[in-house]
Amino acid sequence: MSITPLKQTWFVAKTVLIEAIRRKEIYIVILAALGLSWWVFSIDFFNLEGISKFQREIVLQVMNIAVALTVIALGACQLPREFANKTIYPLMAKPVSRPTFLIGKALGVWLAGIFVMLMFTIIFYAGNWYLGTMPNNGLYLQHFWLQMVQCTILIALSFILSLIINLDAAIVLSFLFWFLSGTMLSAMTIIYPMSGAIGKFLMKVFVFVLPQLSLFDLSAKIIHSDYKPETNTWVWPPLEATTMAELTLYGFVYTAIFITIAYILFRRKPL
Amino acid sequence: MMIDDNRKAIDVQGLVVEYHNGKRAVDSISFQVSYGECVGFIGVNGAGKSSTIKTMLGFHFPTQGSVRVLGLDPGNAESRKRVGYLPEVAVYYPFLKAREILELYGGLQGLDKTELRKRIPPLLEELGLGGCEETLVREFSKGMQQRLGIAQAIIAQPELMIFDELTSGLDPLGRHELHQVLLRHKSQGKTLFFSSHDLGDVEHLCDRIIMIHQGKIIHQATIAELLQPLSEFVIVFELPPNTSLPDSVINKNPTMDSLVPGRFTVKTRKAEDFAQTIQCLSGINARLIETGNRTTSLEDEFIRLVHLNEKHKQEEAEQ
């Protein structure tokens with residue numbers, strides 16, 4: 001009777017995934033996004049040319065928000081729910097180490113995030129088919145992956161926050177972090193030249209210490225990457241493999257740091 | 001005295017557990033449980049039972065003292081592999097099926113799929129959950145959840161079973177079925193340590209009990225030691241007018257009835273004292289109202305010990 005930590009991680013993750021799929025919350029998010037997407041795709045502004053780009057951009061943004069919100073909400077409630085329902089006791093009474101438990105939980109939420117993203121992909125492609133457009137598949141696949149890398153950071157962050165503040169606050173703060181990280185960078189490029197020394201320093205800290213989640217968003221590239229039949233190329237080709245590897249590494253380094261912080265907080269926490 | 005903790009399933013020495021708010025839940029307790037022993041851990045709500053048990057599983061960390069489970073540290077993965085634990089309030093993942101719950105907990109303890117498929121149906125059947133394998137846990141009653149909790153605790157056939165509030169939520173039939181299951185495990189030489197508010201469970205299953213009150217152990221005894229003095233002989237009699245109590249009866253500390261003048265009660269634990277008192281009373285023509293053997297329940301003894309402990313504490317505080 002021996003079991004590897006990897007197998008234990010999978011057992012914990014599978015439980016999270018099954019629970020997430022069988023609960024109704026996830027479908028409410030998907031249905032809301034589906035409704036919104038359907039409405040956006042059905043808008044016709046006096047046969048304006050290029051409207052499909054606007055429509056697809058909105059749908060992609062809805063997808064990004066919904067996926068981020070899903071993994072944040074799922075991630076933030078994992079540990080508090082374990083404590084509130086006392087399900088943590090029989091689980092931790094088994095030979096499961098605390099890091100294995102945490103990683104298993106994170107993996108489960110991440111897999112649930114992939115499930116949601118897959119649902120949205122079906123909606124997005126169905127909308128594209130309806131509009132008679134076709135996104136750059138390679139670029140979309142890269143966007144899918146980078147969104148999933150971003151999700152690992154958000155899950156780890158929501159774990160940290162759920163261990164130090166209450167569940168609602170953890171969800172709000174994590175979401176705020178995602179939102180600001182996505183918008184602050186573009187704002188800072190404008191503000192930076194006009195700022196003083198302290199302002200510049202703080203902005204550098206912001207850029208180099210906190211993860212820049214806007215790097216994981218290829219929505220604009222997907223929308224504006226038109227196909228050029230004459231050259232059989234796309235306006236925006238998929239990213240270089242090395243760029244993808246660097247972005248993945250960048251995301252996973254932050255995830256590793258955040259998971260380590262969560263583990264330090266969870267390590268000596270009395271159950 | 002050197003204690004060979006390798007020979008003890010549980011060894012608790014000078015354990016103190018304090019919470020962050022400074023509240024001392026467990027106050028320097030020591031006890032041991034031998035392999036194959038069945039020990040009941042009893043106390044009122046807030047006595048420190050769950051805190052002790054949680055420390056034994058590595059959920060809480062001792063402020064002082066030490067805890068060894070199966071000769072290992074409580075949080076040690078090796079010891080947890082060999083321990084089955086039932087938490088105080090059994091709540092399981094509501095959106096998982098009973099089979100999935102047991103696959104999860106059994107799998108975490110190292111059972112492979114084939115073994116789990118072999119063990120789950122008879123185990124659920126044994127615990128009165130036959131046919132519920134594919135039912136979501138959210139549809140289970142409290143009693144069914146408790147049975148499922150016991151199933152997850154024993155699925156890997158652990159050497160040591162630690163149950164917090166053993167029969168919580170179970171009806172009398174469920175309780176009886178559980179007793180049969182546990183007695184079978186006990187006969188296989190498994191060690192059982194449990195807390196319960198139902199002293200019937202304790203009396204029925206245990207070899208020994210440990211009583212805890214306000215974080216301190218107030219009594220430890222085998223069931224035989226505890227129950228033997230709980231049986232006593234009672235003589236209720238009335239003295240004839242103008243007769244005084246003989247010295248041999250006074251020595252037995254008779255209590256005077258407050259409602260009926262001249263009526264007394266003598267209680268004794270020894271059969272020879274009982275016979276001697278009857279003989280003495282018939283010698284002075286006392287009228288015997290009632291004679292017989294009364295057995296005080298474990299519950300009465302527990303309440304008596306708790307009250308005695310509180311009285312001692314009060315006296316100490318007054319001094």
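Note on naming: letters A, B, ... go to the chains in the order of the sequence lines (proteins, then strands), and numbering restarts at 1 for each one.
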Taking all non-hydrogen atoms of both residues, which atom of [X] and which atom of [Y] are closest, and how far apart?
{"X": "B/Y85", "Y": "A/A93", "result": "CD2-CB, 3.5 Å"}
{"X": "B/Q152", "Y": "A/P90", "result": "NE2-CB, 3.8 Å"}
{"X": "B/Y105", "Y": "A/T87", "result": "OH-O, 4.1 Å"}

Tell me, yes or no, whether the heavy-atom count around [X] atom [atom1], taken from other residues, nucleotides or ligands under 6.0 Å, exceeds 12.
{"X": "A/F252", "atom1": "CZ", "result": "yes"}
{"X": "A/F179", "atom1": "CZ", "result": "no"}
{"X": "A/I257", "atom1": "CD1", "result": "yes"}

If one checks every heavy atom of B/E115 against chain A at 4.5 Å, the contacting part turns out to be neither
Turns out that what part of B/P94 lies under 4.5 Å from chain A's heavy atoms comes down to both
Note to self: Are B/E78 and A/P95 packed together at the side-chain level, in the sense that at least one heavy-atom pair is separated by less than 4.5 angstrom?
What the structure shows: no
Straight-line distance of [X] [atom1] to [Y] [atom2], nearest 0.5 Å:
{"X": "A/T15", "Y": "B/L108", "atom1": "OG1", "atom2": "CG", "result": "7.5 Å"}
{"X": "B/L96", "Y": "A/R22", "atom1": "CG", "atom2": "CZ", "result": "6.0 Å"}
{"X": "A/E19", "Y": "B/Y93", "atom1": "CD", "atom2": "OH", "result": "7.5 Å"}
{"X": "B/E100", "Y": "A/K14", "atom1": "CD", "atom2": "NZ", "result": "7.5 Å"}
{"X": "B/L104", "Y": "A/Q8", "atom1": "CG", "atom2": "CD", "result": "10.5 Å"}

**Report entry** Check against ring-ring contact (aromatic ring centres under 6.0 Å, His included), B/F59 and A/Y89
**Finding:** CA-CA 8 Å; B/F59 297 164; A/Y89 297 118; 5.4 Å; yes
Under 4.5 Å to a heavy atom of chain B? For A/L91 that would be both
Turns out that what part of A/R98 lies under 4.5 Å from chain B's heavy atoms comes down to side chain
Contact list (residues 122-138 of chain B to chain A, heavy-atom gap under 4.5 Å, by number) returns B/L136, B/R138
